[in-house]
J.: 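One structure, pasted below without further comment.
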Number of protein chains: 2
Amino acid sequence: MTTHDVPGVPAKRQRSARVPADQRRAEILVAALDVFGARGYHKAALSEIAERVGITHQGILHHFGSKDQLLVEVLEYRDATDVADFENQEPPHGPELMRHLVRTARANTERAGLVQSYAVLSAESVTDGHPAQASFRDRFTHLRGLIRDALRDSCPSDGPSDAEVDAAASSIIAVMDGLQIQWLLDPERVDMPYAVGLVIDALLARLGSDHRAGDSR
Amino acid sequence: MTTHDVPGVPAKRQRSARVPADQRRAEILVAALDVFGARGYHKAALSEIAERVGITHQGILHHFGSKDQLLVEVLEYRDATDVADFENQEPPHGPELMRHLVRTARANTERAGLVQSYAVLSAESVTDGHPAQASFRDRFTHLRGLIRDALRDSCPSDGPSDAEVDAAASSIIAVMDGLQIQWLLDPERVDMPYAVGLVIDALLARLGSDHRAGDSR
DNA sequence: GTCTATAGGCGGATAGAC
DNA sequence: GTCTATCCGCCTATAGAC
């Protein structure tokens, strides 16, 4: 090294330009979503996120308090941008929701980074004491409710049992999530939007028809 | 502390009994599967695994070389014990495979630790350069092939298109995997075996029937 | 109000003693 | 086969510079 390493005068890091907190927080959230998705939450280093923003890792802790809290806010940010992709603030209802889910699967094939973040973080959330556990549990509860209502709308008369509708709602979410992992590992061999559409059609047909006559389970 | 902390004589750890390598490796694999499931791969500490076996974490590195390699061997061990649960060494074929999948989902409700290990590790494997990436990609390719063949067996005449069968195979695996995460977060509200059975029935009906006449997609 | 510097503690990896 | 010793990298807390 050619610069002077005088003990009392450490090689000074170029000080970052002073930026308003709101803007800085937004920059950090974008970088964090990227790095969390690429490395997973536990392997991700605050210093890597900080480097992308041009500050030190202590700067992140100043804005977010802890790595756990940063994760929670990253997930909120992800959900916010996800709904903003579609014109309405509110997610669609009824049969339109099913088409929305297929469209989402199709859109996801163009944003592998976001898909990876979601897949890794949602699975990691089931580990003991994970900071995002409540966030994901609430998310799934909410989604199941939305889809359950939409399924009921599509099967008006002599509807299927509550158990069937609940299971179908869980399954539609599960297919979307499970396909993401297979697709990330082998994009050529997995067609996410087509498979999601197929399962939804099959479940709607099953719930709509009077299959119980010939049921042998 | 009341014991003597003489500098030259550090409090000596009780030395473990010398155990044959094969036996020790097996003990480590059992403990590792447990800890990886409870904490996730990255959060899991070699020292915690070592403690259960009664050695230091360096002992594990002696037997497995690295934490990454330990994970790979843990997954192989898991698969080996999984097939041993059922009488035949070979997984069932044809329609019997579908019943096997539902039975597996039911059995999984009694072994949350194993389910957690699988869910966390399979999702983590999609991160950049993860040591288990090839292992999981091959696993999914193999499983899709098995299920694809079984679906064809169940729909003999004027069968559905290859694309439909492929998508159905991916979807059945995806439902099982995705349901595990929802179930781990909220066991009371998710019925894994019932939902898996529902999706399989719905897909079989869909692939078997001549739905294309009224298809509007 | 925004950020950096310093220091402690833990986890993984390597080398060498017993 | 197992241990001790040592290194480096990461998260976190505290203090203080601008």
Side-chain angles (χ1 to χ4, degrees), chain A residues 5-29 31-32 35-36 38-72 74 124 127 129-131, chain B residues 5-29 31-32 35-36 38-72 74 124 127 129-131:
Chain A
D5 275 1
V6 185
V9 185
K12 262 202 176 174
R13 183 193 195 86
Q14 190 68 23
R15 197 175 184 95
S16 300
R18 188 188 172 96
V19 168
D22 288 358
Q23 181 181 336
R24 188 63 97 192
R25 286 174 58 93
E27 292 174 14
I28 295 171
L29 287 175
V35 176
F36 282 156
R39 309 245 183 269
Y41 171 69
H42 288 299
K43 198 179 180 183
L46 288 182
S47 13
E48 182 174 354
I49 300 169
E51 200 175 352
R52 297 199 184 191
V53 183
I55 61 176
T56 64
H57 79 273
Q58 294 93 330
I60 295 180
L61 292 175
H62 168 72
H63 288 289
F64 292 91
S66 72
K67 191 185 178 186
D68 284 4
Q69 184 56 32
L70 173 61
L71 169 60
V72 171
V74 162
E124 223 172 2
T127 57
H130 194 281
Chain B
D5 275 1
V6 185
V9 185
K12 262 202 175 175
R13 184 194 197 85
Q14 190 70 21
R15 199 177 184 94
S16 297
R18 191 189 172 94
V19 167
D22 288 358
Q23 181 182 335
R24 188 63 95 194
R25 284 174 60 94
E27 291 174 14
I28 294 172
L29 286 175
V35 176
F36 282 156
R39 310 246 183 268
Y41 172 69
H42 287 298
K43 198 178 180 184
L46 287 183
S47 9
E48 182 175 355
I49 300 169
E51 201 175 351
R52 297 201 185 189
V53 184
I55 60 177
T56 63
H57 80 272
Q58 293 92 332
I60 295 180
L61 293 174
H62 167 72
H63 287 289
F64 291 92
S66 73
K67 191 184 179 186
D68 285 2
Q69 183 58 30
L70 173 61
L71 168 61
V72 171
V74 162
E124 224 171 2
T127 57
H130 194 281

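We use all heavy atoms of the structure for the numbers below, so side chains are in, but hydrogens, waters and symmetry mates are not. Lettering of chains follows the sequences in order, A, B, ..., and the numbering in each one begins at 1.
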J.: Measure CD/B/E48 against C1'/C/dC10 and give the value in whole Å, please.
T.: 13 Å

J.: Are any of A/R24's side-chain N or O atoms less than 4.0 Å away from OP1 or OP2 of C/dG1?
T.: no

J.: What's the shortest heavy-atom distance between A/I28 and A/I49, and which atoms?
T.: O-CG2, 4.0 Å

J.: Let me know the distance between CD of B/Q69 and C1' of C/dA13, rounded to the nearest Å.
T.: 15 Å

J.: Please state how far atom CD in A/E27 lies from atom P in C/dT2, giving the value in whole angstrom units.
T.: 13 Å

J.: Quick one: A/Q23 CD to C/dG1 P, roughly how many Å, whole number?
T.: 18 Å

J.: Grab the CZ-P distance between B/R18 and C/dA17 for me, whole Å please.
T.: 17 Å

J.: Among D/dT2, C/dT4, D/dC3, which nucleotide sits nearest the side chain of B/T56?
T.: D/dC3

J.: Strictly distance-based, threshold 3.5 Å: is any side-chain N or O of A/T127 a donor or acceptor partner for the main-chain N or O of A/H130?
T.: no

J.: Residues two or more places apart in sequence or in another chain: which of them pass salt bridge (charged side-chain N to carboxylate O under 4.0 Å, His left out) with A/R52?
T.: A/D34, A/E48

J.: Check every strand shown and say whether B/G59 touches a base, only sugar-phosphate, or nothing at a heavy-atom separation below 4.0 Å.
T.: nothing

J.: Check B/S66 against B/Q69 and note the closest heavy-atom contact, atom names and distance.
T.: OG-N, 3.1 Å

J.: What's the NE2-C1' distance between A/H62 and C/dT4, to the nearest Å?
T.: 11 Å

J.: Restricting to non-hydrogen atoms, name the atom on A/A50 and the atom on A/I60 that form the minimum distance, rounded to 0.1 Å.
T.: N-CD1, 3.5 Å

J.: Given atom CD1 of B/I49 and atom C1' of C/dG12, what is their separation to the nearest angstrom?
T.: 12 Å

J.: Starting at CZ of A/F64 and ending at P of C/dT2, how long is that distance when rounded to a whole Å?
T.: 12 Å

J.: Look for any protein N or O under 3.5 Å of an N or O in nucleotides 9-13 of chain D and output each such pair with its distance, or none.
T.:
unit_1, atom_1, unit_2, atom_2, d
D/dC11, OP1, A/A44, O, 2.7
D/dC11, OP1, A/L46, N, 3.3
D/dC11, OP1, A/K67, NZ, 3.3
D/dC11, OP2, A/L46, N, 3.0
D/dT12, OP2, A/K67, N, 3.3
D/dT12, O4, A/H57, NE2, 3.1

J.: Below 4.5 Å, heavy atoms only, C-beta onward: do A/V72 and A/F64 meet side chain to side chain?
T.: no

J.: Which residue pairs pass the salt bridge (charged side-chain N to carboxylate O under 4.0 Å, His left out) test with at least one member in residues 53-67 of chain B, sequence neighbours excluded?
T.: none

